[in-house]
Amino acid sequence: MKTDTIAAISTAMTASGIGIVRMSGSEVFTIIDRVYQSKGKKKKLSQVPTHTIHYGYIMDGDEMIDEVLVMVMRAPRSFTSEDTIEINCHGGVYAMKRILETVIKNGARPAEPGEFTKRAFLNGRMDLSQAEAVIDVINAKNEYALKSSVSQLRGSVMQAIKEIREQIIYHIAFIESALDDPEHISLEGYGGELQQVNNKLIGKLEKLIASSEDGKMMKEGIRTVIVGKPNAGKSSLLNVLVGEDRAIVTDIAGTTRDILEETIQIHGISLNIIDTAGIRSTEDVVEKIGVSRAKDYAKDADLIIYVVDSSTELDENDSEIIEMLRSKKAIILLNKTDLQMITSEEMLKERIDKPVIPVSAKENKGIDLLELTLKEMFFHGEISFNDEVYITNIRHKTALADALSSLRQVRESIEMGMPEDFYSIDLMSAYEELGGIIGESVGEDLVNEIFSKFCMGK
Ligand SMILES: Nc1nc2c(c(=O)[nH]1)N(C=O)[C@@H](CNc1ccc(C(=O)N[C@@H](CCC(=O)O)C(=O)O)cc1)CN2
Ligand SMILES: Nc1nc2c(ncn2[C@@H]2O[C@H](COP(=O)(O)OP(=O)(O)OP(=O)(O)O)[C@@H](O)[C@H]2O)c(=O)[nH]1
Ligand SMILES: [K+]
């Protein structure tokens with residue numbers, strides 16, 4: 001099949017050690033033969049075997065642009081399943097752009113964002129859930145996000161969906177053939193049998209949908225607000241937490257309001273700590289801004305970390321904060337335990353049923369217990385990737401929910417003793433809704449929308 005040849009810079013558009021210009025399509029060999037020159041000037045890359053690497057130069061006519069290594073991958077043994085060439089050049093922005101320009105001048109066209117992966121999908125190398133995992137791998141910011149997206153990339157979601165669909169289609173086929181041929185295939189007692197299977201499938205869908213809670217936390221991190229009276233040690237604690245994994249700390253300047261979101265990693269779990277410039281710079285957090293302001297920030301949070309100075313007494317400000325915590329997931333960090341204790345763990349536990357962790361920001365103590373508590377609170381104590389499939393994609397979750405309601409409809413129809421063709425209508429809806437996840441009979445608009453969110457060159 002003839003396809004036009006696409007080209008893009010696949011590495012970041014900043015100066016770096018090495019840059020990659022990638023090409024895929026029917027004409028890559030014609031194009032590379034025009035622009036590549038080997039050291040001895042004899043070698044034609046159209047003649048070399050697949051998965052080989054070649055040293056040489058990229059030429060724009062007589063002009064040498066850069067010294068490069070070129071990788072050759074022949075169809076169908078490539079990421080896109082098409083003939084693919086990757087030019088590894090020096091990672092200067094200008095050098096990369098010049099090479100891209102040259103291959104375009106010689107017959108390639110600029111790729112759209114995500115177009116390489118889109119081709120991999122359209123050529124059947126991966127299903128839609130795997131293609132979507134590619135972007136999740138790129139965006140993964142912690143260990144669990146990476147693990148769950150690589151597992152999806154390797155087909156875990158696709159596999160789970162396919163197994164469920166196979167069972168559904170089997171029963172649709174059975175009902176249809178029995179209805180076509182009532183003399184030979186009896187539907188006597190079939191409702192009861194289908195009900196059992198259907199209940200199992202409902203259970204599976206429910207489990208997958210439930211996994212999306214964990215999945216979302218893994219992928220996006222836990223939205224966290226730190227509250228506490230002035231001088232409780234919030235900044236000190238944040239510094240200690242940040243210090244846990246300094247290399248992966250990121251500062252993301254918020255686009256709305258003056259919110260600063262800082263992501264910290266606690267053994268692979270991301271906490272997106274929402275901090276406000278306003279609150280930070282005010283001397284008297286609780287008094288001046290009031291609990292109501294803190295409540296505003298806490299409203300959308302997945303977690304509130306309440307820092308208490310154990311060397312002082314609890315006062316009415318603490319009482320207000322404690323009230324605010326009741327309806328939320330919250331962890332109390334009892335700080336400054338290196339000092340003489342006035343407020344104890346027990347005193348807090350009497351007032352509210354939330355985990356209290358004694359810590360000392362000064363001496364860097366108690367942070368491990370925080371990690372365990374987080375795991376318990378958000379991941380039911382364990383995060384395993386052995387047989388578990390995590391749904392991290394909202395599109396998948398929506399499709400699963402739609403399929404679930406179709407299967408519940410089947411259950412109801414069986415309970416009400418409706419005729420069998422009613423079952424097969426709803427089974428078919430579930431089948432199709434699940435098919436959307438893996439990209440079966442999805443519209444072109446949806447496919448375009450999904451891939452348009454990818455980066456350039458992917
Ligand atoms: N340079 C480079 N690095 C990359 C990619 C890429 O496209 N280029 N990838 C893009 O995301 C990822 C790797 N994904 C890839 C998937 C399949 C094939 C491939 O050539 N598959 C062949 C050969 C397999 C084999 O020889 O065993 C095949 O499956 O037939 C290459 C990369 C990450 N790193
Ligand atoms: N002894 C001891 N002192 C601590 C500890 N944690 C923080 N401090 C001290 O307490 C004071 C206040 O700490 P901060 O981290 O600035 O407190 P904060 O809650 O951010 O204060 P505001 O920014 O005013 O809200 C500083 O002098 C810290 O050095 C601790 O664990 N032990
Ligand atoms: K301070």
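These numbers were taken from a predicted model, which means no experiment stands behind them.
In this structure, G191 and I414 approach most closely via the heavy-atom pair O-CG2, 3.5 Å. Nearest approach of I104 to P110, heavy atoms of both residues: CD1-CG, 3.8 Å. Here the closest non-hydrogen pair linking Q130 and L153 is NE2-O, 3.0 Å. What you find for F454 and E132 is that their closest heavy atoms are CZ-CA, 4.5 Å.
Remark: K458 qualifies as a cation-pi partner of F79 under the 6.0 Å distance and 45° angle criteria applied to the six-membered ring.
When atom types are taken as modelled, the side chain of D4 and the backbone of G25 share no donor-acceptor pair closer than 3.5 angstrom. Side-chain N or O atoms of N393 include one that pairs as donor or acceptor with a backbone N or O of R395 at under 3.5 Å. Judged by distance alone, the side chain of S10 and the main-chain N or O of I20 form no donor-acceptor pair under 3.5 Å. Under a 3.5 Å cut-off, the side chain of T224 and the backbone N or O of L303 do not form any donor-acceptor pair. Under the 3.5 Å distance criterion, the side-chain polar atoms of S26 are matched with a main-chain donor or acceptor of T3. Judged by distance alone, with hydrogens and angles left aside, the side-chain atoms of R22 form no donor-acceptor pair with the main-chain N or O of A8 at under 3.5 Å. The main-chain N or O of S46 is found under 3.5 Å from a side-chain atom of D33 such that the two form a donor-acceptor pair. Under a 3.5 Å cut-off, the side chain of S78 and the backbone N or O of A75 do not form any donor-acceptor pair. Side-chain N or O atoms of R411 include none that pairs as donor or acceptor with a backbone N or O of Q195 at under 3.5 Å. Checked by atom type and distance alone, the side chain of D127 never pairs as donor or acceptor with a backbone atom of G155 at under 3.5 Å.
N123 and S81 share no side-chain donor-acceptor pair at under 3.5 Å. Side-chain contact of D426 with S406: a donor-acceptor pair under 3.5 Å is absent, judged by distance alone.
Note that the OG atom of S212 and the NZ atom of K397 stand 4.0 Å from one another [nearest 0.5 Å]. In this structure, CD on E67 lies 8.0 Å from CG on L69, to the nearest 0.5 angstrom. Remark: M217 CE to N272 CG distance equals 10.5 Å, nearest 0.5 Å. Atoms CD and CE, from E86 and M73 in turn, are 4.0 Å apart once rounded to the nearest 0.5 Å. Atom OG1 of residue T373 and atom CD1 of residue I332 lie 11.5 Å apart, to the nearest 0.5 angstrom. For the atom pair CD1 of I168 and OH of Y431, the computed distance is 9.0 Å after rounding to the nearest 0.5 Å.
Separation of the Y190 and F174 ring centroids falls under the 6.0 Å cut-off.
Shown here is E213, whose CD atom has no more than 12 heavy atoms of other residues, nucleotides or ligands within 6.0 Å. Crowding of E415 atom CD: a count of heavy atoms from other residues, nucleotides or ligands under 6.0 Å exceeding 12. Environment of OH in Y94: sparse, with no more than 12 heavy atoms of neighbouring residues, nucleotides or ligands closer than 6.0 Å. Counted within 6.0 Å of CG on D353, heavy atoms from surrounding residues, nucleotides or ligands total 12 or fewer; the atom is thus considered open. Within 6.0 Å of atom NZ in K328, more than 12 heavy atoms from other residues, nucleotides or ligands are found, so the atom counts as buried in its surroundings. Within 6.0 Å of CD1 in I138 there are more than 12 heavy atoms belonging to other residues, nucleotides or ligands.
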_Residues N88, I53; criterion side-chain contact (heavy atoms from CB on, under 4.5 Å); working and verdict_ = CA-CA 10 Å; N88 290 231; I53 302 173; over 6 Å; no
*Carefully, step by step, assess K141 and T263 under the rule side-chain contact (heavy atoms from CB on, under 4.5 Å).*
CA-CA 9 Å; K141 288 183 189 66; T263 299; 5.7 Å; no
*asked:* Walk me through whether I305 and L271 qualify under side-chain contact (heavy atoms from CB on, under 4.5 Å).
replied: CA-CA 11 Å; I305 293 182; L271 296 188; 4.2 Å; yes
*Which is it for I437 and L434 under the side-chain contact (heavy atoms from CB on, under 4.5 Å) test, yes or no, and what are the steps along the way?*
CA-CA 5 Å; I437 297 176; L434 293 173; 4.3 Å; yes
*Give the intermediate values and the outcome of salt bridge (Lys or Arg N to Asp or Glu O under 4.0 Å) for residues R408 and E206.*
CA-CA 11 Å; R408 285 187 173 144; E206 284 169 343; 2.7 Å; yes
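Within the 4.5 Å cutoff, the side chain of K97 has heavy atoms near those of the M13 side chain.
With sequence neighbours excluded, no residue forms a salt bridge (charged side-chain N to carboxylate O under 4.0 Å, His left out) with R74. Remark: S424 engages E176 in a side-chain hydrogen bond (donor to acceptor under 3.5 Å, both in side chains) (not counting sequence neighbours).
Of the charged side-chain nitrogens involved, none lies within less than 4.0 Å of a carboxylate oxygen, so that R34 and E27 do not count as a salt-bridged pair. In summary, E371 and K375 engage in a salt bridge, as defined by a charged side-chain N under 4.0 Å from a carboxylate O. Ion pair K453/E449 flagged as a salt bridge, since at least one NZ, NE, NH1 or NH2 atom sits closer than 4.0 Å to an Asp/Glu carboxylate oxygen. Salt bridge annotation for D136-K219: present, with a cationic side-chain nitrogen under 4.0 angstrom from a carboxylate oxygen. Comment: R119 does not engage D83 in a salt bridge, judged by the lack of any side-chain N to carboxylate O separation of less than 4.0 angstrom. Between K204 and E163, none of the side-chain N atoms (NZ, or NE/NH1/NH2) sits under 4.0 Å from a carboxylate O, so this pair counts as no salt bridge. Taking the charged nitrogens against the carboxylate oxygens, K118 and E115 have no contact shorter than 4.0 Å, which rules out a salt bridge.
Checking each of I164, L404, V157 against L208 for a side-chain contact (heavy atoms from CB on, under 4.5 Å) leaves exactly one that passes, namely I164.
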